[in-house]
Participant: 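To start, I am sharing the structure in question, which I have written as structure tokens.
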Amino acid sequence: MGASQTALPQRVVTRFAPSPTGFLHIGGARTALFNYLFARAHGGEFRLRIEDTDRARSTEPAIAAILDGLGWLDFDIDGDIVYQFARAGRHADVAHQLLAAGHAYRCYATPAELEAMREAQRAARLPMRYDGRWRDRTDWPNDLPYVIRLKAPRDGGVTIVDLVQGPVTVANAELDDMVLLRSDGTPTYMLAVVVDDHDMAVTHVIRGDDHLNNAFRQLALIHAMAGIEPGWQAPAYAHIPLIHGADGAKLSKRHGALGVDAYRDDMGLLPEAVENYLLRLGWGHGDDEFITRAEAIGWFGLDGVGRSPARFDLKKLQSVNGHYLRLADDARLVALISPRLVTGLARNIDAADHDILQRSMAELKKRANNLNDLADSAHFLLRSRPIPVDAAAMKLLALAPQGLLALARAEFAALALWSAPALEAAARSMADTLAVKLGQVAQPLRAAVTGAAQSPGLFDVMAILGRDEILGRIDDAQTLMEGQLP
RNA sequence: GGUCCCUUCGUCUAGCGGUCUAGGACGUCGCCCUUUCACGGCGAAAACACGGGUUCGAUUCCCGUAGGGAUCACCA
């Protein structure tokens, strides 16, 4: 079957190689995660290479977004970041070495000519491949531009023992002679990756399975170089399936192909939740659902990665996030929602607000699955009086037992100790006095105190907000209800 | 269309020839807890794409069919 791969190298080096033409999307984040985990699991290096050879589409902001995203996810990068464009000279050198050694050749076919060739192949229903028309020619028109193409083997086949896909064989006849160096002297992606991976001593190429077909061509290039420069050998490959949208189609913006910044800022997710979700997407460890970074490093293996594309499920992501939210440190969550509250409140968070948030957080975080909902649910705590009362709460107030608010105001004002248990005891005794269930007392009070029909434990909220504020809010509700009377 | 890859509940998955009356999670529904909403607990419905083999025995192995995906640039 021709070329095969060498045994597993001792020292592991993986790399994440995004092209900076947009944000770091969720699929890229998963590829980065797998590379990161694999490197750490083997005590190896995780490197970053920015594939910026497409000068027209590569941007500085995109590079910043990628770095920002990786930082947020806390994937520490080893060594210097490699910028591919800066290595164009080295790439061209390799192409010329190949040319000199007879492993590559000049092709003078014009783009128009190639297009015509493909058109003819399309019409004849033949596979569309470069036909090798300049492969053996030497009658070069020296004043015309040419590209350098790899003189790939035509017989036999190549087998890649992919760490995820298993052995995959392709006949060399299926592959054509790819362009290495463009007519303007710049390297193509195919050349650049191979040279960079070699020069960076990458041992394991873990990437999306959209690159699987490329791997065969890249292997041909590596084998050609192996005969010229010592030390060239094929890396191990692992092509992981792409993530699909909820409808099974390619992931689009509509269902989650967003930058990780959107997951952080717009959706209010925690990085550890995104990481855990991404890890479990296409990979599993028994029945384990929540896996720490340390466990992931201990357990992760390429052989456990599924071979079929997984669908992206936002509901589950939210649920996983809710789990991590409940686990998260209260102070951290207060810090995370504060900016969101500032926007909603149109004022800054002061020390008193901070204290209220900190004391409420343990209860608040049980009721939210993301930072946005968490901030929303904390909003009522910090609002200045009179707080807005929503429709459901209005209804509760309207249905309140006669004289409840006035009674409650008096009882609470007279309370010796302002604590949750004392407040609850007072409310229970009021219910007895009025001969109603506790709920008929608590619900209208909740409406008055929180402006909503649902909230964290009423008496905890009251204890945290303090007597003055609560009495004030009850007064406001009474005023409000008086205004509602016909 | 050629080539390559894939196929367990709606979704993510466990399963690596008998332990499967197919397990877990999200979602859905019901019950419990309870001052509301959550959290938490308990429970229910829900899958081995289809057809052939191989085997004493297939969800697990092989081959077809169907369906899905990837890729076929002087883009990465």
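Here is the naming used below: chain letters follow the sequence lines, and residue numbers restart at 1 for every chain. Please read all numbers here as calculations on a predicted model, not as lab measurements.
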Participant: Compare the minimum distances between each of rA76(B), rC6(B), rU36(B) and the side chain of Arg446(A), then state the nucleotide with the smallest one.
Facilitator: rU36(B)
Participant: For the side chain of Asn213(A), starting at C-beta, report the closest nucleotide among rC4(B), rA76(B), rU71(B).
Facilitator: rU71(B)
Participant: Partner lookup for rU55(B), please. Criteria are Watson-Crick or G-U wobble with both distances under 3.5 angstrom; report none if nothing qualifies.
Facilitator: none
Participant: Please classify the nucleic acid contact of His239(A) as base, sugar-phosphate, or nothing, using heavy-atom distances under 4.0 Å.
Facilitator: nothing
Participant: What do you reckon, are the aromatic ring centroids of Tyr108(A) and Trp134(A) less than 6.0 Å apart?
Facilitator: yes
Participant: Take atom C1' in rA25(B) and the same atom in rU8(B), then report the distance between them in whole Å.
Facilitator: 15 Å
Participant: Under 4.0 Å from OP1 or OP2 of rC26(B): is there any side-chain N or O of Arg311(A) that close?
Facilitator: no
Participant: Start with the C-alpha distance between Arg49(A) and Glu51(A), add both sets of side-chain angles, then the distance that settles salt bridge (Lys or Arg N to Asp or Glu O under 4.0 Å), and finish with yes or no.
Facilitator: CA-CA 6 Å; Arg49(A) 182 171 70 232; Glu51(A) 308 219 316; 2.9 Å; yes
Participant: By the 4.0 Å heavy-atom rule, please label Phe216(A) as base, sugar-phosphate, or nothing.
Facilitator: nothing
Participant: Partner of rU21(B) by Watson-Crick or G-U wobble geometry, both contacts under 3.5 Å, or none?
Facilitator: none
Participant: Under the 3.5 angstrom rule, does the side chain of Asn172(A) hit a backbone N or O of Arg154(A) as a donor-acceptor pair?
Facilitator: no
Participant: Between His204(A) and Phe38(A), is the ring centroid distance below 6.0 Å?
Facilitator: yes
Participant: Using only modelled atom types and a 3.5 angstrom limit, is any donor from either the side chain of Arg367(A) or the base of rC37(B) paired with an acceptor on the other?
Facilitator: yes
Participant: Under 4.0 angstrom, heavy atoms only, what part of the nucleic acid is Ser19(A) near: base, sugar-phosphate, or nothing?
Facilitator: sugar-phosphate
Participant: Given the C1' atoms of rA47(B) and rG52(B), what is the spacing between them in whole Å?
Facilitator: 22 Å
Participant: Ion pair present between Glu174(A) and Arg129(A), side-chain N to carboxylate O less than 4.0 angstrom?
Facilitator: yes
Participant: Could you give the CZ-to-P distance, from Phe312(A) to rU11(B), as a whole number of Å?
Facilitator: 16 Å
Participant: Do Trp140(A) and Tyr146(A) have their ring centres less than 6.0 Å from each other?
Facilitator: no
Participant: Can you check the distance between rC20(B) and rC48(B), where both ends of the measurement are the C1' atom (answer in whole Å)?
Facilitator: 10 Å
Participant: From rU3(B), rU35(B), rC12(B), pick the nucleotide closest to the side chain of Val170(A)?
Facilitator: rU3(B)
Participant: Whole angstrom is fine here: how far is it from CG in Asn214(A) over to C1' in rC4(B)?
Facilitator: 12 Å
Participant: Return the orientation label for the Phe23(A) and His25(A) ring planes: parallel under 30°, perpendicular over 60°, tilted otherwise.
Facilitator: perpendicular
Participant: To the nearest Å, how far apart are Leu364(A) CG and rC39(B) P?
Facilitator: 14 Å
Participant: Below 4.0 angstrom from OP1 or OP2 of rA76(B), is there any side-chain N or O of Thr53(A)?
Facilitator: yes
Participant: At 4.0 Å (heavy atoms only), tell me whether Ala109(A) reaches a base, stays on the sugar-phosphate, or touches nothing.
Facilitator: base
Participant: In whole angstrom, give the distance that lies between atom CD of Gln443(A) and atom P of rU35(B).
Facilitator: 11 Å
Participant: When we call it a touch if two heavy atoms are under 4.0 Å apart, what does Ala310(A) touch: a base, just sugar-phosphate, or nothing?
Facilitator: sugar-phosphate
Participant: Students often get this wrong, so: under 4.0 angstrom with heavy atoms, is Gly282(A) touching a base, only sugar-phosphate, or nothing?
Facilitator: sugar-phosphate
Participant: What is the distance, rounded to the nearest whole Å, between atom CZ of Arg15(A) and atom C1' of rA76(B)?
Facilitator: 12 Å
Participant: Determine the contact category for Glu289(A): base if any of its heavy atoms lies under 4.0 Å from a base atom, sugar-phosphate if only primed atoms, P, OP1 or OP2 are that close, otherwise nothing.
Facilitator: base
Participant: Tell me whether the OP1 or OP2 atom of rG2(B) has a side-chain N or O from Arg129(A) closer than 4.0 Å.
Facilitator: no
Participant: Suppose we define a pair by two distances each less than 3.5 Å, Watson-Crick or G-U wobble; what does rC16(B) pair with here?
Facilitator: none
Participant: Would you classify Val179(A) as touching base, sugar-phosphate or nothing, given that sugar-phosphate means primed atoms plus P, OP1 and OP2, and contacts are heavy atoms under 4.0 Å?
Facilitator: sugar-phosphate
Participant: Taking the C1' atom of each, how far is rU65(B) from rU7(B), in whole Å?
Facilitator: 13 Å
Participant: Does Asp184(A) reach a base, just sugar-phosphate, or nothing at all? Heavy atoms under 4.0 Å.
Facilitator: nothing
Participant: How would you label the contact of Arg307(A) with the nucleic acid (heavy atoms, under 4.0 Å): base, sugar-phosphate, or nothing?
Facilitator: sugar-phosphate
Participant: When all nucleic acid strands are considered with a 4.0 Å heavy-atom cut-off, which category describes Met178(A): base, sugar-phosphate, or nothing?
Facilitator: nothing
Participant: Sort out the partner of rG1(B) for me: Watson-Crick or G-U wobble, both distances under 3.5 Å, none otherwise.
Facilitator: rC72(B)
Participant: Any donor-acceptor pair under 3.5 Å between the side chain of Ser455(A) and the base of rC37(B)?
Facilitator: no
Participant: With rounding to whole Å, what would you report as the distance between rG17(B) and rU55(B) at their C1' atoms?
Facilitator: 9 Å
Participant: Compare the minimum distances between each of rC5(B), rU36(B), rC12(B) and the side chain of Val168(A), then state the nucleotide with the smallest one.
Facilitator: rC5(B)
Participant: Indicate whether the side chain of Gln358(A) and that of Asp330(A) have a donor and an acceptor atom separated by less than 3.5 Å.
Facilitator: no
Participant: Between rC16(B) and rU11(B), how many Å separate the two C1' atoms, rounded to a whole number?
Facilitator: 23 Å
Participant: Paired with rG64(B): which nucleotide, if any, by Watson-Crick or G-U wobble criteria at under 3.5 Å for both distances?
Facilitator: rC50(B)
Participant: Taking atom P of rU7(B) as reference, at what distance in whole Å does atom CG of Asp209(A) sit?
Facilitator: 13 Å
Participant: Which base, if any, makes a Watson-Crick or G-U wobble pair with rC26(B), both distances under 3.5 Å?
Facilitator: rG10(B)
Participant: Taking OP1 and OP2 of rG1(B), is either one under 4.0 Å from a side-chain nitrogen or oxygen of Arg122(A)?
Facilitator: no
Participant: From the list rU36(B), rU7(B), rU3(B), which nucleotide is the closest neighbour of the side chain of Ser308(A)?
Facilitator: rU7(B)
Participant: Base, sugar-phosphate, or nothing for Pro241(A), non-hydrogen atoms under 4.0 angstrom?
Facilitator: nothing
Participant: Taking the same atom, P, in rG64(B) and in rG2(B), what whole-Å distance lies between them?
Facilitator: 15 Å
Participant: Under a 3.5 Å threshold, yes or no: a donor from one side chain and an acceptor from the other, between Arg207(A) and Asn214(A)?
Facilitator: no
Participant: Of the options rA76(B), rC74(B), rC39(B), whose atoms approach the side-chain atoms of Arg326(A) most closely?
Facilitator: rC39(B)
